[in-house]
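Structure record follows, encoded as structure tokens.
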Amino acid sequence: MLGVLHEDGSGVIQDYEQALEWYRVAAMQGETVAMHRVGSMLRRGVGADKDLVEAYAWCNIAAARGHREAAIDRDQIGSLLSPKQIKEAQEQSRTFDQELPYIVAKPFTLPAGL
């Protein structure tokens, strides 16, 4: 949420670098939406220098964890990369997948009467 606020300039001064940092914090905690946002910002060169290899890697891991838009973005980015760059990005994705936690929903009980 802090990434979104900084990216949009909602309630805080708009700051793309700060937004990217907050997205990275959430991505490192296993949040797939944040992983996609990191990839999207790196794809466009917003908040950091454009890096299509890293952008592909973040979108690839988000897609592997079920984020549909990330899969579309990954494929679009992939069309801009050489086979060598795709291989490098996929290796980064495997590293991310091994290092980053998976978010698992906690079980809950519905209130009585629902």
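More than 12 heavy-atom neighbours from other residues, nucleotides or ligands sit within 6.0 angstrom of CD on Gln76.
For the pair Asp51 (side chain) and Val53 (backbone), a donor-acceptor distance under 3.5 Å is present.
Partners of Asp15 by side-chain contact (heavy atoms from CB on, under 4.5 Å), not counting sequence neighbours, listed by chain and number: His6, Glu17, Gln18. Take Gln90 and apply the side-chain contact (heavy atoms from CB on, under 4.5 Å) test, not counting sequence neighbours, and it matches Tyr56, Asn60, Ile86, Arg94. Among residues two or more places apart in sequence or in another chain, the salt bridge (Lys or Arg N to Asp or Glu O under 4.0 Å) test is passed with Arg74 by none. For the side-chain hydrogen bond (donor to acceptor under 3.5 Å, both in side chains) test, residues two or more places apart in sequence or in another chain that qualify with Gln85 are Ser82. Under the rule for a side-chain hydrogen bond (donor to acceptor under 3.5 Å, both in side chains), the partners of Asp97 that lie at least two apart in sequence or sit in another chain are Arg65, Tyr102.
Sorted by first then second residue, the salt bridge (charged side-chain N to carboxylate O under 4.0 Å, His left out) pairs that include residues 35-47, not counting sequence neighbours, are Glu7-Arg37, Glu7-Arg44, Arg43-Asp73. Residue pairs satisfying the ring-ring contact (aromatic ring centres under 6.0 Å, His included) criterion with at least one member in residues 61-97, sequence neighbours excluded, are listed as follows: His36-His67, Trp58-Phe96.
The side-chain heavy atoms of Cys59 and Ile77, taken from C-beta on, include a pair separated by under 4.5 Å. In this structure, Val46 and Leu20 have side chains that are not in contact, with every pair of non-hydrogen atoms separated by 4.5 Å or more.
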Side-chain donor-acceptor distances from residues 24-33 under 3.5 Å, at least two apart:
{"residue": "Arg24", "atom": "NH1", "partner": "Glu54", "partner atom": "OE2", "Å": "3.0"}
{"residue": "Arg24", "atom": "NH2", "partner": "Glu54", "partner atom": "OE2", "Å": "3.4"}
{"residue": "Glu31", "atom": "OE2", "partner": "Val33", "partner atom": "N", "Å": "3.2"}

